[in-house]
Amino acid sequence: QHFMRHHVDDDNAEISGNSSSDKEIRVGNLKSAVERFVVSRSFGVVFGLCLFIFLLSFKPSEPYLSQFLICNYNSQSSFCDTLLSSDQSSNIDTCNVDENPPCSFSSSSTDSGLCSPLPCQNVTSKSDCGNSDYSYCVFDTQSNQCKDDVCYKNFTADEVNNDIYVWSTYAYLPFLLFLGPYAELFSYRTAILVGISGRVVTRFLLLYGTTISTMQIMQVTYALGTAAEDVFSAYIYYVVSPSEYERVTSYVKTSALVASLLSGVLGDLLVVEGSVSVTVLMYISAMFVCAGFAVGLYVIAKRNPSAEGMLASVNNPLNSSKNSLLDSSQSDKVNSGRGDEEGDNIILGVGIAPQVKASEHPNTLTGWQRRRARIQAKLAVFALQLRFLWLALRCKPLLALLGLWIGGNAVFTTFYGYEVSIYDELNGSNSWNGSVLAAILLAGSAGAMLPAWISLLNRKKSSDVNGSQELDSTQSLIERNDLLSNQTATQERPSPTRPPLTQQSTDDAINANNSMDNDNLSDEVVCARVLGMCVLSSVCLVVYVLAWEVVASMCSLAGFFASWQFVNVVCLARLATQLKTAQLSVQAAEMDSQQQDPGFPSTVEAPEPPYSIAFVLIIALNVGVQVIFDSIIFSYLQLDLHSASWVLVWVFVSVCGAFAMACFGLFGLEIFGSGARCNRHNQ
């Protein structure tokens with residue numbers, strides 16, 4: 001804003017006396033300088049965000065978590081114990097390797113005797129060593145016989161699946177519903193960093209915890225970190241321009257997927273080829289998570305980035321510093337909850353609360369009164385943000401996209417969660433599963449980057465074709481800024497704030513933002529692209545379940561991951577864009593009807609849209625749908641993986657079909673011909 005204000009003011013003063021050609025040259029130079037400044041600043045911000053999520057996602061131990069926690073010998077011992085009865089003669093019949101491998105009976109001083117797994121050195125068949133019955137054994141090529149496998153933790157499979165893993169499911173949704181509103185009301189930085197600190201605690205509990213209770217706490221802190229990562233997904237829209245929403249979403253998603261890809265390959269190479277202990281992978285994961293937390297301390301802004309608005313202001317020259325509604329020092333005081341006498345009396349919101357001067361609040365106010373005033377101000381802001389959300393959700397194309405995302409992503413996360421089990425059933429073992437998962441994530445990374453690649457390609461083509469139009473648009477915006485400044489100077493009563501904006505001026509503001517964003521596609525084009533990817537995803541899933549063979553099925557699953565990541569990026573970016581549009585609409589309507597107080601030092605700016613609230617809402621709905629799917633398919637119907645995959649595929653196809661019907665209802669058959677870009681505001 002500082003850069004833009006000085007150069008726009010200087011150039012306006014000089015341009016007024018120059019010829020038209022000189023004016024065009026100066027406007028072009030100004031635009032080039034601004035773009036260079038924005039690119040350099042934007043690159044640093046985006047790189048920091050991508051590095052932050054990359055480090056947090058680089059966990060080579062992740063595919064080996066169950067192997068690290070479960071002691072297979074203890075699991076088989078628990079199974080053998082269930083075969084014992086009070087009748088020793090019946091125990092001999094039931095507890096033997098022929099009837100119930102790997103259990104063998106040995107008499108003892110007790111009445112029932114002892115039923116325990118067969119020692120590994122007594123397993124004579126090489127093919128049996130390490131299979132599902134003798135999973136506690138591994139084949140030693142040097143001695144050419146079975147030996148006991150390593151147990152890192154002494155938990156059984158039932159304890160891990162029923163008493164440990166479930167705690168993350170229980171804790172995730174409450175943390176998500178708490179951190180989302182907290183980030184909007186108080187601080188994104190605190191919400192994200194506290195959540196990520198839970199990931200750090202998780203790593204140390206995994207390394208040094210030995211009891212079931214510590215492992216349960218580990219899952220709770222893991223859920224806290226997962227909820228914080230969801231809040232971080234909303235945070236990125238506060239620090240970039242609306243024109244960069246889709247591209248930055250692609251970059252951040254791709255960074256997380258690439259980190260998982262590389263860490264999966266590294267884990268397989270170390271464990272399978274290098275015979276490295278899984279504990280070493282746990283230490284590597286812990287170091288990267290700690291490094292990610294350290295980067296987050298620097299990357300996650302201390303002050304609420306919505307108050308800065310630097311990138312958005314450069315894209316919209318009307319929003320210069322002299323027209324800025326809230327400076328960063330005031331933002332620090334309000335959003336951090338700490339302020340002096342002047343900062344404590346700032347009431348955020350446009351048209352939702354009276355504007356109060358610092359002089360009207362003497363220093364005799366008690367601490368409780370000050371805290372109550374701050375809370376009331378934050379709640380007023382929150383109420384206005386919910387209004388933005390309500391207006392955004394009234395957009396029917398957006399509702400269709402979100403309905404598709406909620407239902408389709410529930411199927412996607414279910415397949416992603418059961419990928420290890422699916423590969424094990426198809427392949428007969430989990431050998432090299434980390435590399436297979438890495439290949440699937442590589443396909444997902446390509447799908448996540450595809451929207452950014454298309455966006456950059458469209459921008460380049462539009463820049464070549466419409467360069468002269470952009471120059472004329474920027475020139476008209478500067479002339480509009482001169483006109484607004486002259487109107488302010490000729491008003492009868494002096495006012496330190498900008499004049500009330502009309503609806504037309506808001507249209508200019510939105511068009512100014514769009515003039516530097518050549519990727520504002522119509523709803524028809526967006527829905528047509530998403531629908532095409534839905535068809536591709538459905539085809540991949542049908543092939544996956546029809547083939548049910550390790551190579552064909554896993555390749556088809558990779559295709560599904562790639563196409564769905566494209567849909568994932570587009571839907572989330574579209575939600576953020578629609579929220580921003582709703583904010584601009586409300587801000588224009590409020591400013592048009594509000595009379596400014598000439599004694600007040602500045603007009604208060606409308607807050608940024610509630611990105612975290614919107615993300616929490618759709619993620620919570622997605623989690624609810626996924627829990628319903630899991631409960632019906634795996635708990636109630638108790639289907640095997642192949643049958644469950646069929647059910648999930650048909651659910652996904654039905655969701656895509658419903659989305660297609662919604663598109664036809666909204667746009668008709670024109671959706672098939674939607675290939676041109678158009679102005680979203682006019683739509």
Side-chain angles (χ1 to χ4, degrees), residues 393-418 422 443-444 447-448 450-451 521-548 553 555-575 578 617-634 636-637 639 641-675:
L393 293 179
R394 292 175 62 184
C395 177
K396 292 181 180 180
L398 178 64
L399 286 179
L401 289 171
L402 294 182
L404 170 69
W405 188 88
I406 291 170
N409 203 62
V411 175
F412 170 80
T413 50
T414 301
F415 275 121
Y416 184 69
Y418 281 91
I422 292 171
L450 185 57
L521 304 178
S522 67
D523 292 327
E524 292 94 330
V525 174
V526 173
C527 289
R529 289 180 177 179
V530 171
L531 184 58
M533 285 298 177
C534 285
V535 173
L536 180 59
S537 297
S538 300
V539 171
C540 290
L541 284 181
V542 171
V543 173
Y544 148 78
V545 76
L546 281 175
W548 203 245
S553 293
C555 289
S556 300
L557 204 59
F560 167 65
F561 271 51
S563 54
W564 184 253
Q565 284 299 328
F566 178 92
V567 176
N568 186 25
V569 169
V570 171
C571 289
L572 296 181
R574 198 66 175 180
L575 173 60
Q578 195 64 39
L617 176 62
I618 64 171
I619 291 173
L621 292 174
N622 169 250
V623 171
V625 173
Q626 184 184 356
V627 169
I628 293 174
F629 286 170
D630 291 348
S631 300
I632 294 176
I633 295 174
F634 296 104
Y636 180 71
L637 298 177
L639 300 177
L641 280 176
H642 193 194
S643 300
S645 296
W646 268 114
V647 174
L648 290 171
V649 168
W650 287 119
V651 168
F652 185 85
V653 171
S654 300
V655 171
C656 291
F659 176 71
M661 293 177 62
C663 291
F664 291 144
L666 290 170
F667 310 115
L669 296 178
E670 295 178 357
I671 191 172
F672 291 111
S674 299

Between the CG atom in L399 and the CD atom in Q578, the distance rounded to the nearest 0.5 Å is 9.5 Å

With sequence neighbours left out, the residues meeting side-chain contact (heavy atoms from CB on, under 4.5 Å) with I632 are I628, L637

Show me the side-chain donor-acceptor pairs of residues 531-544 shorter than 3.5 Å, one per line, residues at least two apart or across chains.
residue	atom	partner	partner atom	Å
S537	OG	M533	O	2.9
S537	OG	S563	OG	2.5
S538	OG	C534	O	2.9
Y544	OH	S645	OG	2.9

Those residues at least two apart in sequence (or on a different chain) that pass side-chain hydrogen bond (donor to acceptor under 3.5 Å, both in side chains) with S643 are D640

Note to self: Can you tell me how the ring of Y416 sits relative to the ring of F561, calling it parallel under 30°, perpendicular over 60° and tilted otherwise?
What the structure shows: tilted

Over 12 foreign heavy atoms within 6.0 Å of CH2, W650: no

Tightest non-hydrogen contact, residues K396 and L666, listed as CB-CD2, 3.7 Å

Value for CD1 (I618) from SG (C571), rounded to nearest 0.5 Å, stands at 8.5 Å

Show me the side-chain donor-acceptor pairs of residues 400-412 shorter than 3.5 Å, one per line, residues at least two apart or across chains.
residue	atom	partner	partner atom	Å
W405	NE1	N568	OD1	2.7
N409	OD1	W564	NE1	3.0

From CA spacing to verdict: side chain to side chain contact (heavy atoms under 4.5 Å, CB included), D630, Y636:
CA-CA 9 Å; D630 291 348; Y636 180 71; over 6 Å; no

Test side chain to side chain contact (heavy atoms under 4.5 Å, CB included) applied to R574 and D523, step by step: CA-CA 9 Å; R574 198 66 175 180; D523 292 327; 2.6 Å; yes

The side-chain hydrogen bond (donor to acceptor under 3.5 Å, both in side chains) partners of T413 (sequence neighbours excluded) come to Q626

Scanning both residues in full, the closest heavy-atom pair of P451 with V569 reads CG-CG1, 3.9 Å

Contact between F634 and T414 at the side-chain level, heavy atoms closer than 4.5 Å - yes or no? yes

Applying ring pair (Phe, Tyr, Trp, His ring centres under 6.0 Å) to F629 and not counting sequence neighbours gives none

- request: Could you check V570 against R529 for side chain to side chain contact (heavy atoms under 4.5 Å, CB included), going step by step and ending with a plain yes or no?
  value: CA-CA 9 Å; V570 171; R529 289 180 177 179; over 6 Å; no

Rounded to the nearest 0.5 Å, the CG atom of L648 sits from the CZ atom of F415 at a distance of 4.5 Å

